Structure formats: C-alpha cells, structure tokens
Amino acid sequence: MTPNTFRTYEIKIMLYRLLLAYVFYFVVRLLFYFYNADLLNIDSIGQLLSLAFYALPYDSASILYMSILFILLSIIPVFINTKPGYQKVVFYAYFIPNLLAYATNFIDLIYYKYILSRTTIAIFDSLEHEDNKGQLFTNFLVNYWHVLILYIVCVTLWIFLYKRVKMKPVVIGPRKSYFISSIVILGVSTFCVIAGIRGGITKKTRPINIVDANRYTDKPEHGDLVLNTPFAILRTIGKTSYKLVDYMDDKAVSQYVSGVKHYNTNEPSRPNIVLFITESFGREYIGAYNKDTDIPNYKSYTPFLDSLANHSLIYTNAFANGYKSLHGVSSIIAGIPSFKDAFTSSPYPTQKIESLVSVLNSEGYDTSFFHGAVNGSMGFLGFGNILGYDNYYGMTEYNNDDDFDGTWGIWDEPFFQFMRETLNKKKGPFFATMFSVSSHEPYIVPDKYIGKFPLGNVEIHKTIGYTDYSFKRFFEESKNEPWFKNTIFIITADHTNQIYYDKYKELVNRTAVPIMIYSADERFKGENRSLAQQIDIYPTVLDIIGYNKPFRSWGRSLLNDSVSTPFTINFGGNEYTYQEGDYIVRFNGKEVTGFYDINDKGVTKNLISKKNKEMTRLEVKCKAFLQDYYDRIINKKLDK
C-alpha cells in the first residue's frame, strides 16, 4: 500500500464515480429523444449533441444534489475512508438516491407524450386523490416493460462500471498533512456542489430553473431535452400552488370571466411598439402620478418622466400583478399574472402561449427583448424563447464590459442607446421590449454621475434619478430617428421596491406602478384614474394596432373596452387582493377574509359584517377569475 498524504487517489475515484452519473444521464437523454423524436423536432445529430451540452448545468444540479451524502462520506477525514466496510456504506449512499432520481427520467420516456413537458412535482398532486396508486404503478411497468428493461440494463451497467474501478485500502500519511488537505478538499467540494446545484455562483444569476432551459433553444420543446426529470421535480418542490380549484360550474365561470377578447374599434395599422419594463420603478417615485395624493412634502425623482407625462396618457391607479421581476414579465407580455409563485417557475410555462409576442409575430412584426444583464439572467431568455421573440439582446450582444455596473448588467444609459442603435437597423414594424437594470440594489450610479441625482430618502431614489436621465437621453436621441414618429411607447414597471411615503406602505399600494402611453403625435394624452393592471397592457396594444381577431386575455384594453369592468388582482400577505368598483376583496383561496372600501388601501376597516349583494358579486368574480386562471394554465389552454 502506498501513502495517500493528500488524498489524491480518493479524489480521483470520487470524480470517476460522479462522471459515471453524467454518462448515464446522457444515455437516458438519448433514450428520451428516441422515444419522443416526433415531438422534439431535432434537425440534426449536431443539434442533439449541442442541446446535450447545454444540459450539463441541469444534470449537474440533479447529480450533485443526489450525491451530497456520497461526496461528504468520500471526503470527511475519518481515516477509514478506503476500507472495504466503509466503501459499502459509500456505495449505498451513492446509488440509492441517484438511482431513485434516475428512474424518473425513464417515466418521461412515455409520460412526455401525454403532458408535453418534463414531469414535475405536480404529478404527486395528480395522484393525491387516487386510491389505486399501486395498481397504476404496476400497470405502467407491465404496459411499458421495455422501459423497465432499459432502466435495469442502464443500472446494471452503471453498477458494473462503478465496481470496475475499486477503491483499494491505502496508507494514511502524516496526520497533519492529511487533515490540512482534507479541509481544503472539503472547502473546494462545498463550493463546487453549491455552484453546481445553483447553476452558478455569481449574484448576476439566480439558481437555474425550468424556464432557463430554453435559453439556448429555438423551439420551446427543445427545452425539455435540455432538462432532466429529477431537476424538474426538484425545482418545483414547494411550488405547487398551481392547483385546479372548483368554486362553481363552468357556465357560472363564463358569466363572470372573459378569458378571450375581441376588439373592432380601430382600423388595422402597424406602428412600432416600444415597451419599457422599468426595474423597481414604483408609482411612488414619479411626480406626475402623485399630484392628487396629498402626501406632505412629496418629492419626485423623475423630472423627465414628469415632463413626458404631460404629453402622454397616464394611468394613475395602476397596479402590478406580482412582486417580482418574473411576475411582471409574464403579466405584461403574456397577460399571465403570477400569484404565490411565479408562473415561469411553475411546472407549466413550457406550453404554447398566445401572447403579445406571438400575435405581433403573426402580424409581421420584428420582435426583440433587450435586457442589459448576463444573457439568461432572471430566466428572461428562456421565457422569451417560449413566447417566440425573434431576437434577444443582452450583455453578450452589447459586447462591452467597460459599461458593466459590476453587479447586474450594463448601465441603463448606454444600454438604452444600444437599443436605439439596434432599432435603427430594423426594416419592418418592430416590437421592442426593454427591461432596465440600474434601479436595483445595490443602488449605485456610474462614477461620472455621482452627486448628479438627489440622494433622496432611501437608497433607490438616486438610481431612479439615473434611470430617468437614461430615459431623457434615449428620447432626445431617438426623436430624430426615422422610426420615432410611427412608434408607440409604453412605460411601466415590473414591481415596486423601497418605500418611503406611508401612503405606499399600505398593503394594496405596495404594488402601485405606473402605466404611461406616449406617441409623438400626442394622440394618447391625459390622465385616467380607472383601475388598471399589468395584464391590461397586452390587450391595449392589440387594440391600438387594430387587431381584429379574438385573442386570449384576462386583461382589458385601457382605451376602448366598454364591456369589461376595470379590476385588479394580485397576491400578497398570503391572500389574493381583488379590486373592483367600490370594494377591495381579500380572499385566502378558500374563503373571503375581508371586504374593504376601495379607498381603504391599507385594508384597515373590514366591512365583512356588513356584506351586501355587491360584495357577494365581487367575491364570485374573484373566485371565477381564479378558477379560469388555473384551469387554462394547468390544462394548457393558454394558446386560445
């Protein structure tokens, strides 16, 4: 036996065993393609191998998560790591979790054809009320015996290759060196495991999720090849708030909710559309939206947007449908609000979705998504591909890290100009979505602008001023471009952020965002105080361009809808908040917990003891909306 002072021999064996897991994940991915080739639409072997390469982060997340105990047992300094008895424990710690997870991939060889997506934790919800779970499982094994055989073959080969390279007992070197090297190995391993499970370690990215699998794909279905089933299950644990509800029959739902809109007010036209989704830009910060709020000593941090508002149509009673950036993107662009969990992080975003993007694509628009962060950050690239954007422009396309803010992405001012320059190259009508980055924690501005913008009362105020200045520069430069006069600009926010004034600390006002529509001819001008929400932007744009076909939308046109009553809905404080008419309704998913006067945004005086017919009607409308919402998402009716 040779000395093993720095444990290099043990580490090599551990890495070999982990590598085997990657090999067999690749094998089952090939089997997944073989069984579902007609649905996955792969054009070539090269494309298949490319998608398999992009799958490595998702395989890493699953393998490392399932191998945590194995890795720990392999590296902890207990002196007996290489002995046969100890290695038996390591063997079971490796194979029990990994083979259980691996088996779920084989389920999707068959099940994918029925659900057209990777199996998620939602499968357990589907089986929750089934009394014959054992029988269902037995039937699956009998009916698809060939899948069981393939699994057994793969497992047998995996175990054979594992045992092929045996761990031989080794002599422990000097204990001091042994412990020092073990500490280093433990630290490095911990770092690598965390990075692998997250899909990265930088603040610029979040732990990868299901929707991120579409970052590298041209077709939504390719994301399912990039994913693996254990990953899909792990990432949706605890995210099963998407469940069918049954408050009333379908006929009653249709009486209260219209999930399809159809406008014939405007003649068909093809103006350019530029949609700004401004990071954290709460309504609180913009003076034009606070003229009548009676906030003592109110200060605005947006001099340019205040001036632009004088030439625009603004909605001063608008609300976000969620609290996160991903919530905002799906609400604004696809008209799909998010409640307890983000729709894009749920088990259901990879279905066909009719949206502002798909409709404008069908009308001949060039569609682009601009986000100055690392490509794929926040899941926007993946979700954008699902929706069908023609182009995605991020840090990679900007290609100048000198303008990187050090945390999130390219500073707003230069990236806004990059969008302008890119739009100059477009030939047909275009739809451009810009998601800004600078008005975000850690709330810094470029060095050359330090001291230029008021510090305000909370940290975000100075960055609001900087982004407002970025808007100013963009409009100053764009007004001379040939496309400017034929362009409709819409400015809103993904969600709110730091709050200073008490009015905006009130529960309902915590989601207060701006909605502004501007065009050079000022045909959209004035102030509208009706309730508005992010999901209204999608139907409003289609109304503006005179789109004369029915389309799926829970929102309403903010311009010409004389049928749908203005309302808003979102989720906060573990309850739904529904606003319409004279009341605010608070609903916990099972029962209404309160009715409040529409002006009681702090929900301070519960009127439930004085429940009247109008309150009852709004309760039913809230429930009908949610029933239709979950039905369309879960049963994949978002394309109609």
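Since the structure is predicted, the reported quantities are computational estimates derived from the model, not experimental observations. Computation of the quantities below employed the complete heavy-atom set of this structure, encompassing side-chain atoms and omitting hydrogens, waters and symmetry-equivalent molecules.
Checked against ring pair (Phe, Tyr, Trp, His ring centres under 6.0 Å), F383 has no partners two or more places apart in sequence or in another chain. With sequence neighbours excluded, the residues forming a ring pair (Phe, Tyr, Trp, His ring centres under 6.0 Å) with F91 are F95, Y162, listed by chain and number. Partners of N588 by side-chain hydrogen bond (donor to acceptor under 3.5 Å, both in side chains), not counting sequence neighbours: none found. A search for ring pair (Phe, Tyr, Trp, His ring centres under 6.0 Å) contacts involving F106 returns Y102, Y151, not counting sequence neighbours. Listed by chain and number, the residues in a side-chain hydrogen bond (donor to acceptor under 3.5 Å, both in side chains) with H146 are Y35 (sequence neighbours excluded).
With a 6.0 Å cutoff to the six-membered ring centre and a 45° limit on the axis angle, R552 counts as a cation-pi contact of W554.
Within the structure, the side-chain hydrogen bond (donor to acceptor under 3.5 Å, both in side chains) test picks out the following pairs touching residues 44-69 (sequence neighbours left out): Y22-S60, R29-D59, D59-N228, S62-N228, S67-N98.
The ring of Y247 has its center closer than 6.0 angstrom to the ring center of F587. Here the two rings, on Y578 and F625, have centers that are 6.0 Å apart or farther.
Using a distance-only test at 3.5 Å, with no hydrogens or angles considered, no donor-acceptor pair links the side chain of S368 to the main chain of N391.
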Determine whether Y630 and Y242 satisfy the following criterion, ring pair (Phe, Tyr, Trp, His ring centres under 6.0 Å), listing intermediate values before the conclusion.
CA-CA 6 Å; Y630 288 113; Y242 284 82; 5.7 Å; yes
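Annotation: I45, atom CD1; neighbour count of heavy atoms from other residues, nucleotides and ligands within 6.0 Å does not exceed 12. Applying the 6.0 Å contact sphere to OH of Y16 captures more than 12 heavy atoms from other residues, nucleotides or ligands.
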